[in-house]
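Below you'll find the structure, written out as structure tokens, and then a few comments.
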Amino acid sequence: MALNQQSGRVFDAVVVGAGFSGLYMLHRLREAGYSVRVYEAADDVGGTWYWNRYPGARCDIESIYYNYTFSKEILNEWTWSSRYAEQPEILSYINFVADKLDLRRDIQFKTRITAARYNEENRNWEIRMDDGTSVVTEYFITALGCLSSSNIPKIKGLDSFKGEMYHTGRWPHKKVDFSSKRVGVIGTGSSGIQAIPVIAKEAGHLTVFQRTPQYSCPAQNHPLEEEDIRKTWENYDETKQLMRYSQHGVPYGPRMRSALEDSPEERERLYEKAWQEGGLFTLTYNYNDIAMLPESNETAASFIRSKIKQIVHDPEVAQKLMPTYYYATKRPIIDTNYFETYNRENVSLVDIKAAPIMEITPDGIKTTDNEYELDVLVFATGFDAMTGPLFKIDIRGKNDVSLKDKWADGSELKTYLGLATSGFPNMFMLTGPQSPSVLSNMMVSIEQHVDWVADCIDYLREHHLEAFEATEKAEAFWSQQCHAIADMSLLTKTDSWYMGANIDGKPRGFLAFAGGVGLYRIICDDIAARGYEGFTSVLAHDSTDDSKVKEGFFMSNIDPQAWFILKQLESAGAPPMELLTPELARMGDFSLLAGAPEEVAKVENRTIPVPEGEIPVRIYTPAGEGPFPALVYYHGGGWVIGNLDTVDVPCRMLANRAGCVVVSVDYRLAPEHKFPTAAEDSYAAAKWVAENAASIQVDPERIAVGGDSAGGNLAAVVALMAREQGGPSFAYQMLIYPVTNHAYDTDSYRDNAEGYFLTKNTMVWFWNHYLRNEEDGQNPYASPLLAEDLSGLPPALVITAGFDPLRDEGEAYAERLKAAGVPVEVTRYDGMIHGFFWMPGVLAEAHNAINQAANALKQAFSAVKTI
Ligand code: NA7
């Protein structure tokens, strides 16, 4: 309160930084009628492109995609001169936009924000500037850029150097004259690799001090014709959509093929073609597993090493330039004549990993084995990325806790969506840590963040909500996803600035969301559509609504992990099943969700006879001495899709955990084989197990039937058939979210009609393929819930999922079984979605359900034994 009283003007929003993100944020909010002030330390707009003026600085994303897309007019009025624009041209573009939208009138330049403090009572922020003034704002928005805090390593003697010193990220506005001078460059990241060939042309002698050799591919930069640009944006909406829902923010993506699927010759041909074409993603996009599998990665890495060997004449120098880390686990680099530069007489390379820098002397650099006299020293040593710029401001949230203290330990860096963090209400971070930002085309990430924040602020105003804050639960969840996704790739296996590894003492941890900009957008949009789940807010003091706090993390109670998987499936772009042919629908591969198959003592594929033919089965036999009890298992998939592989993982787990033989049945599918084929095949398979028990080490007295979804339906139907058609008698029926009735009129159908995972339309599509006619739907062998009498059936386990159209019919069946005197254990997994039983690779609850089923089977089998 006291702080606020001393403050000057009051704004709806204060934005820090006038780079691409700050400028668009200003525009969006101003257009919506908010009062906004932007503060910028520099004396003009540009952000990254204002500061990084070093020779050779250019963008690594094709210029035609490295511009704002929010305005067609702006897009049409600007023409890029080359494939990869140089820094001066990008800065001109930013100036052009700032002029066009008249943005400067709301920007205060040459002003650095030193502190930002949240006032809990007034629910606003006090922002302090380096000129001693302060203002108050409801929303505090950081548009600081991810790479704006330049890193000059603390090398002994740094200040003693008599010559000129520069950092690429703080380059002077005047031209630096290298002619005839002895120049040293420390650092061979993107900046060093862009600057080195240009400096080499001018310098008397250039010495490059390299710590880690880098992979770099040619940019193959070339002038652009206006026609090229026009063509790109001819299909403006489509191109924009492609970029927005892509992995990296460009309108193309990787080929869906493993590098290991091609012959070495074919790989070589494709890599060579990519090398000639140039570009940031061209080489990696040949395959979709280069950043995932070490063996695939090595194919690309060794190709680039072979190129270095070809280009660099001196084999010793070439050897020093050979990188060994996993390719593309640092941001890939594209260059113009980088490796060729080492063939120049006036360039030498010093390996400072072999002989580290001891100190900087007044005359140059002293390494453990030599001294290098220098007139100019250039630091191309990168940035304290992502968190560095935030920590330069003393940001304090609730209870006066500073952001720096909150994230002091790397493992504690937690944000929700990279946009917000708990304890810091009404603060938004544009392209913050744990957003896709640095892994993408920044322009796509920036526009998405700005649009989301602007829409969010509109929503809060409309609903009279204040103190908008991420919950601890939400940020813990998000951070866990960020780590899990990064850990699935090779990204975390390399020391890089993505990991915070380039800064001494900086806690290690992957700093970005590696799931791609498409998935990220889907997630952010969904969270907004659900009323900003994962955030809390408080009703404004003047609101007439008497409920005080709007709560919410996943108010719907869906398990966040399950929800996350749904979003991933959505972003993979698979169309709803009902729009596909059965053949196409059967091609879906969900093996990642199932996880790695565990070892089972024996797994055997066989065919068994059924009426009019034969069908495959897979028999899993656990370790130990038989005869074993057995579970005859029917996979799900609406009688239309699914096979033995779909349920391979849970079948293995059940065999091991329940200590039983599992016979997984590949019954014939609809629509080729309509009702009652699947039911009859399933019954025949169960009879076969009973009749051939001895030959497969099974005790015929202890056989259970089970299945999930349509497989649950078949298990229930087989139990009915056995009761009515003379056996065999089963010890148990295990029904996992079973289909039990050809009807769509339950609450769970109403609540979950549009998904999650299984929709009403897909269920209708399944039933229509399965049944010959409406009458079949009334047949208890299709709809066991309609059977007149359920007495005398085997004891049952019924598992249902909270977010599943089939929930109520499964539970209704359990109730009817109970009413008929059948012992039933029924469990609803509240936050779960249909299909979760075969997703142990990604869902903890799948493990719980499989363990529960295995225990129930064990008990049922032992009950039979003791009778
Ligand atoms: P980078 O990619 O962080 O590169 C910095 C370079 O400086 C890299 O070669 C580092 O070697 C080297 N470095 C850093 N600290 C030291 C010390 N103490 N001694 C010697 N060498 C050091 O920064 P850039 O500016 O090139 O690029 C940043 C991003 O801008 C880039 O990824 C694109 O997204 C655009 P190391 O590899 O750490 O051994």
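Numbering of ligands and ligand atoms starts at 1, following listing order.
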Quick test of your reading of the structure: of Arg331, His167, Arg211, whose heavy atom lies closest to atom 17 (C) of ligand 1? Arg211
For Val450 against Arg28, the heavy-atom pair lying closest together: CG1-CG, 3.8 Å
Using a 4.0 Å heavy-atom cut-off, which part of Asp495 comes near ligand 1: side chain, backbone, both, or neither? neither
Side chain, backbone, both or neither: which applies to Leu147 and ligand 1 if a contact is any heavy-atom pair less than 4.0 Å apart? side chain
Identify the residue among Asn286, Thr299, Thr282 that makes a side-chain hydrogen bond (donor to acceptor under 3.5 Å, both in side chains) with Tyr271. Thr299
Could you see which bit of Lys330 sits under 4.0 Å from ligand 1, with heavy atoms only: side chain, backbone, both or neither? side chain
Considering Pro356, Gly189, Ser191, which one's heavy-atom position lies nearest to atom 24 (P) of ligand 1? Ser191
My understanding is that we take every heavy atom of each candidate and find the minimum distance to atom 33 (C) of ligand 1. Doing that for Ser190, Gly192, Ala195, Ala385, which one comes out nearest? Ser190
Taking Tyr498 for its side chain and Arg331 for its backbone only, find out whether a donor-acceptor pair lies under 3.5 Å. yes
I'd like to know if the side chain of Gln434 reaches the main chain of Leu417, judged simply by a donor and an acceptor atom lying under 3.5 Å from each other, with no hydrogens or angles considered. no
Between Ser489 (side chain) and Leu491 (backbone), is there a donor-acceptor pair under 3.5 Å? yes
Using modelled atom types and a 3.5 Å cut-off, is there a donor and acceptor pairing between side-chain atoms of Asn346 and backbone atoms of Ala200? yes
Kindly identify the option in Ser496, Ala380, Gly382 whose heavy atom sits closest to atom 7 (O) of ligand 1. Ala380
Tell me which protein heavy atom sits closest to atom 2 (O) of ligand 1, plus the residue, atom name and distance to 0.1 Å. Trp497 NE1, 3.5 Å
With heavy atoms only and a cut-off of under 4.0 Å, state how Ile357 meets ligand 1: side chain, backbone, both or neither. neither
